[in-house]
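Shown below is the structure under consideration.
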Amino acid sequence: MYYEFRKIEKKWQRNWQKAKSFCARIAPDKKKYYLLEMFPYPSGKIHMGHVRNYTIGDVASRFKILEGYNVMHPMGFDAFGQPAENAAIKNKTKPDAWTHKCIREMENELKKMGFSYDWEREVSTCDSSYYKWNQWIFLKMLERGLAYKKASAVNWCPNCATTLANEEVVDGGCWRCQAKVEQKDLEQWYLNITEYKERLLEDLRQLSNWPERVVSMQENWIGKSQGVEIYFKLKDSKRTISVFTTRVDTIFGATYIVLAPEHPLVKELIKGKPQENAALKFIDKVAQESKVVRASSDVKKEGIFTGSFAVNPVNNEEVPVWLADYVLMEYGTGAIMAVPTHDQRDFLFAKEHGLGMRVVIQPKEKNVQSIDELTEAYEGEGRQVNSGEFDGLSSQEAKIKIAEWMERKGIGKIQTHWRLRDWLISRQRYWGTPIPVIYCPKCGVVPVPYKDLPVELPKDAPFTGEGGNPLGKVKKFVEVKCPKCKGLARRETDTMATFFDSSWYFLRFCSPKFKNGPFDEKETAYWMTVDQYIGGIEHAILHLLYSRFFTKFFKDIGMINFDEPFNRLLTQGMVLKDGEVMSKSKGNIVDPDIMIQKYGADTLRLFILFAAPPETELEWDDRGLEGSHKFLNRVWRIQENLKDKADPALARALHKTIKKVTQDFREFKFNTAIASMMELTNAIYQSAADKDVFSKLIIMLSPICPHFCEELWQILGNKGSVLKAGWPEVDPHMLVEDSLTIVIQVNGKVRLKIEVPAEIAESQLKEMVLADARLTPWIQNKPVKNFILVPKKLINIVV
RNA sequence: GCCGGGAUGGCGAAAUUGGCAAACGCACGAGACUUAAAAUCUCGCGGUCGCAAGACCUUGUGGGUUCAAGUCCCUCUCCCGGCACCA
């Protein structure tokens, strides 16, 4: 009665492995297809998110195999990262052992799902055969000035003695020990991703097969903004303060300027002024605040007068110079011109501190006579007033004219600012790729010579959870000879952020065992670019941006000849339970393993694809899963009662289904593909079966439920795997119906449906319809005003 | 605030891109088989009125274009995501 999924699934997983069914090799005569899903962090257990991500990929892969493509579908592990270190501390083990154990468990779980991976290409980023090439890439970047070291303020936990990422600071404290996080200046390694900002932005246009929202998220992140840098001379000083604005049309309304408290000119500005002490106190107070607190917009803007004045270069007006916590040193020039009448934040600040205002843009619909009428700033467009020679221009025109005028007079410069910052890659942690440099007291920063790579992680580092990076405590790792002068030197103990590892793994998959470089250029020339990439939306910005950056770098050093790594991108939606994301803390996790035991992998795969289209959120439903299982049992039962008889109506239904399923698979609309296969199944059921039609159904279902279909394929008497069956083709003759159902509307309302021969002439059809007595109640004797005929579909009679 | 996405039965969702709204499934109801249950099979299942045939209404709101709008245009409401004291 029930099909024996446990036996069947094991059997076919073994068969595929034995036959190396998914082993990909270059085949110049076949079209290649590189299908990639974002590789997982090896936590040891897969969750429903993985199941969904990898099932979508697997169906695409198997479909392309059936269509005759040479498919590469690799899998590996993003294996460096903090959880391994935490586990080492907690369980008195080593990150290395813990990670490898997790990888083995994870491989097992993935194999139980029956995914079509080429396991011979498996890579783990924590293996030195992989991270050696991280170090190689780093050195290449160092040579080109793309990797550099600089001091910067970072979040520092004094208790754990390590830096924290912004995401690891919770309410101003360390996420692990709650100690108050400090700002500390540290020398850190950066990658100069900003050198690629123009191309990273520009090339987004090539990505027409990416979801719009991912493209727009990257655009936001890169954050190009065009404006003008304006030079304000200080009164009683030779110094100049530069401010940046995107609203140069409001320059004549600038009534004060504001500096960030960290601005380098501040000390000089307040020196000897009555406000000096109060200002110093204010600067100190702001410095104490963490960035997170300072950036929260509901906190009241605070500020203080410096005692100094500057000169507005467009009208030589003296304006006071203030300090305020809402101006950030990191953005623009660290100084702004304030226009209270046309910027709401400046408006509130000016009201609070009694600063001057002047209207310079009149809204179209009303005329502001006096400042006192203003209850808020007008930030829209309008006509220039109080703006010297620019009066009367529209603000859009003025923006261009004023900028050009300022450039000519040398009081401003048209400029572009970017949000994108250089990428901080140093981590004070053990479980990552050692940054391959050596510090020599004589020679300074010395790169590790290529021949000495990889710099391997020492196996015997102590994991106590205290005293910072365990690497620093391994003497024979730290104490080295300088490669240049052979004198005593110290090795870098920082490791790379794990995003480095995942920024090029898709290239490594093309030649995972290559020994002479990060990848074999012959292999990448054949396999790249990735035809379809599939993964979570959470990687929409960082991972995808970094991968694009690395790709452009490899192109620049002549190793590849394309600009973008991922041709098509699909971001799958999350799996929810009771409307919420599954999480341990909410206790609403559904374990895929238990579902596999209960219903089998094929049922799980079927349900997860049927329940929702891939991009939308999916609500988990135990009964829906059962329903999918019932469907498979139903198909199985049909097989038991198969008769060898041909049914022409069924054959037509088959070809309609082939057409629909083929289209849907190409567009990743698996839910509707399954729906139409269910319809066909119901039709076969009604017709007491047809072996040929049934066989084709099995081929079409096989990418989704591969074990189940392999077994049926064999039972049907076929030799070899269903993977070799070839995708069924649509016979266009079979799509032609001999009769059609035409919908008849009167005044847009459906009144009748009629069956007509497919080849009926339009004039004949029209005559027939108008003569039809069943329509008389609607038409009566009213004259026909309009007769619309949509061929083969519909007629609308307007009376 | 700016940018992007979205809103369709009790639920998940379909709708050939302007042409029969609700395919497919879940849940539910009735029946068949069974001593009974499970499984399976058959039928019903947006709303209102009606014994029925059927009629009218229905895709977040209000308007528009059109012979015809879930789909196109404008207005508003709400939800999700990204960026943001960003100058």
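So you know, we letter chains A, B, ... as the sequences are listed, proteins then strands, and number each from 1.
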Whole angstroms only, please: what is the CD1-P distance between A:Ile795 and B:rC20?
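It is 14 Å, rounded to the nearest whole Å.
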
Specify the separation, in whole Å, of atom CD1 of A:Ile222 and atom C1' of B:rG82.
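Atom CD1 in A:Ile222 sits about 13 Å away from atom C1' in B:rG82.
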
Under 3.5 Å side-chain donor-acceptor pair for A:Gln396 and A:Glu381:
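Looking only at side-chain atoms, A:Glu381 and A:Gln396 do form a donor-acceptor pair, the distance falling under 3.5 Å.
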
Hey, is the side chain of A:Arg634 poking within less than 4.0 Å of OP1 or OP2 on B:rC41, counting only N and O atoms?
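Yes, A:Arg634 has a side-chain N/O under 4.0 Å of OP1/OP2 on B:rC41.
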
Nearest to the A:Arg213 side chain among B:rU40, B:rC57, B:rG81, which nucleotide is it?
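Minimum distance to the A:Arg213 side chain belongs to B:rG81.
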
Using a 4.0 Å heavy-atom cut-off across all strands, classify A:Lys749 as base, sugar-phosphate, or nothing.
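Answer is sugar-phosphate: A:Lys749 comes under 4.0 Å of backbone atoms only.
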
Looking only at the aromatic ring of each residue, does the gap between the centers of A:Phe610 and A:Phe670 stay below 6.0 angstrom?
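Ring centres of A:Phe610 and A:Phe670 not closer than 6.0 Å.
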
OP1, OP2 of B:rG25 versus side-chain N and O of A:Asn682: anything below 4.0 Å?
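True: A:Asn682 side-chain N/O within range (under 4.0 Å) of B:rG25 OP1/OP2.
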
Could you check if the base of B:rU59 is syn or anti? Syn means the glycosidic torsion is within 90 degrees of 0.
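Classified anti.
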
Find the distance A:Glu262:CD to B:rC85:C1' and express it as a whole number of Å.
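That distance rounds to 13 Å.
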
Determine the interatomic distance between C1' on B:rG50 and the same-named atom on B:rC56; round to the nearest Å.
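Pairwise C1' distance, B:rG50 against B:rC56, rounds to 12 Å.
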
Side-chain donor or acceptor of A:Asn671 paired with backbone N/O of A:Ala612 under 3.5 Å:
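Checking the backbone N and O of A:Ala612 against the side chain of A:Asn671, no donor-acceptor pair under 3.5 Å is found.
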
For nucleotides B:rG19 and B:rA32, find the distance between their C1' atoms and express it as a whole number of Å.
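41 Å, rounded to whole Å.
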
In whole Å, measure the gap between the P atoms of B:rG6 and B:rC72 for me.
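Roughly 10 Å separates the two P atoms.
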
Establish, with yes or no, whether the OP1 or OP2 oxygen of B:rA84 is under 4.0 angstrom from a side-chain nitrogen or oxygen of A:Arg419.
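Yes, such a contact exists.
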
Counting only side-chain nitrogens and oxygens, does A:Gln686 get under 4.0 Å of the OP1 or OP2 atom of B:rU42?
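Yes, such a contact exists.
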
Provide the Watson-Crick or G-U wobble partner of B:rA7, both distances under 3.5 Å; none if there is no partner.
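B:rU77 - that is the nucleotide pairing with B:rA7, both distances being under 3.5 Å.
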
Need the pair for B:rU65. Rule: Watson-Crick or G-U wobble, both distances under 3.5 Å, any strand; none if unpaired.
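B:rU65 is unpaired by these criteria.
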
Whether the A:Tyr326 and A:Asp346 side chains hold a donor-acceptor pair (N or O, under 3.5 Å, no angle test) is what I'd like checked.
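Note: A:Tyr326 and A:Asp346 side chains meet the donor-acceptor criterion.
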
Please work out whether the ring planes of A:His353 and A:Trp322 are parallel, tilted or perpendicular, with thresholds of 30° and 60°.
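Because their plane-to-plane angle lies in the 30° to 60° range, the rings of A:His353 and A:Trp322 count as tilted.
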
Side-chain N or O of A:Arg623 closer than 4.0 Å to phosphate OP1/OP2 of B:rG12
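It does not, given that no N or O in the side chain of A:Arg623 lies less than 4.0 Å from OP1 or OP2 of B:rG12.
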
What's the separation between atom OG in A:Ser387 and atom CD1 in A:Ile251, rounded to the nearest 0.5 Å?
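If I round to the nearest 0.5 Å, the distance is 10.0 Å.
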
Determine the Euclidean distance between corresponding P atoms of B:rU40 and B:rU17; express it in Å to zero decimal places.
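Taking atom P in both B:rU17 and B:rU40, they lie 38 Å apart.
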
In whole Å, what separates the P atom of B:rC74 from that of B:rA15?
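Rounded to whole Å, the distance is 24 Å.
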
At under 4.0 Å between heavy atoms, what does A:Val798 touch on the DNA or RNA strands: base, sugar-phosphate, or nothing?
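Sugar-phosphate: the residue A:Val798, judged by heavy atoms under 4.0 Å, touches backbone atoms but no base.
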
Would you mind reading off the distance between A:Lys577 atom NZ and B:rC11 atom C1', rounded to a whole angstrom?
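Rounded to the whole Å, the gap is 15 Å.
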
Nucleotide of B:rG12, B:rU16, B:rG82 approaching A:Phe610 most closely (side-chain heavy atoms):
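Per side-chain heavy atoms of A:Phe610, the pick is B:rG12.
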
Measure up the A:His629 and A:Tyr599 rings against each other and bin them: parallel (under 30°), tilted (30 to 60°), perpendicular (over 60°).
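Perpendicular.
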
I want to verify a distance call: between B:rG19, B:rC86, B:rC3, whose nearest atom is closest to the A:Asn220 side chain?
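Comparing B:rG19, B:rC86, B:rC3 against the side chain of A:Asn220, the answer is B:rC3.
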
Any strand is fair game: report the nucleotide pairing with B:rU71 by Watson-Crick or G-U wobble, both distances under 3.5 Å, or none.
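Partner of B:rU71: none found under 3.5 Å.
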
If you measure from the C1' atom in B:rA30 to the same atom in B:rA23, how many Å do you get, rounded?
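These two C1' atoms come out 24 Å apart once rounded.
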
Is the A:Phe499 to A:Trp423 ring centre distance short of 6.0 Å?
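Distance test on ring centres: not under 6.0 Å, no.
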
Watson-Crick or G-U wobble partner for B:rC83, using a 3.5 Å limit on both distances?
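Matched B:rC83 with B:rG1 under the 3.5 Å cut-off.
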
When the nearest nucleotide of RNA chain B is assigned to A:Ile674 and to A:Glu617 on a heavy-atom basis, which residue is associated with the more 5' position?
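By nearest-heavy-atom nucleotide position, the 5'-most residue is A:Glu617.
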
How close or far is atom P of B:rC3 from atom CE of A:Met217, stated in whole angstroms?
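That distance rounds to 16 Å.
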
Among the candidates B:rG25, B:rC85, B:rC3, find the nucleotide nearest to the side-chain atoms of A:Arg345.
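Of all the options, the side chain of A:Arg345 is nearest to B:rC85.
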
Contact class for A:Glu679 vs. all strands (heavy atom < 4.0 Å): base, sugar-phosphate, or nothing?
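Touches sugar-phosphate only.
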
Counting side-chain heavy atoms from C-beta on, which of B:rA87, B:rG19, B:rC83 comes nearest to A:Ile788?
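Given the options B:rA87, B:rG19, B:rC83, the side chain of A:Ile788 is closest to B:rG19.
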
Distance, C1' atom - from B:rC86 to B:rG70, rounded to whole angstrom:
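About 40 Å, rounded to a whole number of Å.
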
Apply the syn/anti split at 90° from 0 to B:rG4 and say which one it is.
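Anti conformation for B:rG4.
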
Does one side chain, of A:Tyr331 or A:Ser225, offer a donor that lies under 3.5 Å from an acceptor on the other?
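There is such a pair (donor and acceptor under 3.5 Å, judged by atom type) between the side chains of A:Tyr331 and A:Ser225.
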
B:rC67 base / A:Asn786 side chain donor-acceptor hit below 3.5 Å
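No.
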
Please give, in whole Å, the distance from B:rC67 P to A:Asn747 CG?
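Atom-to-atom, A:Asn747 to B:rC67, this comes out as 12 Å.
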
Taking the six-membered ring of A:Tyr685 as reference, does the NZ or CZ atom of A:Arg634 fall below 6.0 Å from its centre and within a 45° cone about the axis?
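Ring-cation test returns yes.
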
From the options B:rC41, B:rA13, B:rC83, select the nucleotide whose nearest atom is closest to the side chain of A:Trp221.
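Selected nucleotide (nearest to the side chain): B:rC83.
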
OP1 or OP2 of B:rA84 less than 4.0 angstrom from a side-chain nitrogen or oxygen of A:Tyr331, does that happen here?
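False: A:Tyr331 side-chain N/O out of range (4.0 Å or more) of B:rA84 OP1/OP2.
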
For A:Asp621, which contact category applies under a 4.0 Å heavy-atom criterion: base, sugar-phosphate, or nothing?
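Here A:Asp621 touches the backbone only, sparing every base.
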
Could you give the CD1-to-C1' distance, from A:Ile608 to B:rG25, as a whole number of Å?
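After rounding, the reported distance stands at 16 Å.
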
Would you indicate which nucleotide in B:rA55, B:rA13, B:rA87 comes nearest to any side-chain atom of A:Pro613?
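Of all the options, the side chain of A:Pro613 is nearest to B:rA13.
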
Closest approach to the side chain of A:Ala611, judged atom by atom: which nucleotide of B:rC41, B:rC20, B:rG12 is it?
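Between B:rC41, B:rC20, B:rG12, the one nearest the side chain of A:Ala611 would be B:rG12.
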
If I take atom CH2 in residue A:Trp636 and atom C1' in nucleotide B:rA39, what distance separates them, rounded to the nearest angstrom?
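After rounding, the gap between these two atoms is 18 Å.
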
Partner nucleotide of B:rA36 by Watson-Crick or wobble geometry (both distances under 3.5 Å)
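Pairing partner, where one exists within any strand: none, as none qualifies.
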
Looking at B:rC20, B:rC56, B:rA84, which one has an atom nearest to any side-chain atom of A:Lys753?
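When the side chain of A:Lys753 is considered, B:rC20 is the closest of B:rC20, B:rC56, B:rA84.
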
Between B:rA55 and B:rA22, how far is it from one P atom to the other, in whole Å?
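Taking atom P in both B:rA55 and B:rA22, they lie 16 Å apart.
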
Taking the side chain of A:Thr616 as its heavy atoms from C-beta onward, which of B:rA23, B:rG4, B:rA13 lies nearest to it?
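So the side chain of A:Thr616 is nearest to B:rA13.
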
Is the count of non-hydrogen atoms from other residues, nucleotides or ligands lying under 6.0 Å from A:Glu667 atom CD greater than 12?
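Count over threshold, so yes.
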
Regarding A:Arg419 and the six-membered ring of A:Trp221, is the cationic atom NZ or CZ under 6.0 Å from the ring centre and inside 45° of its axis?
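Output yes; distance and angle both within limits.
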
Go through residues 653-672 of chain A and report each residue with a non-hydrogen atom lying under 4.0 Å from RNA chain B, sorted by number.
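Only A:Asn671, A:Thr672 qualify.
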
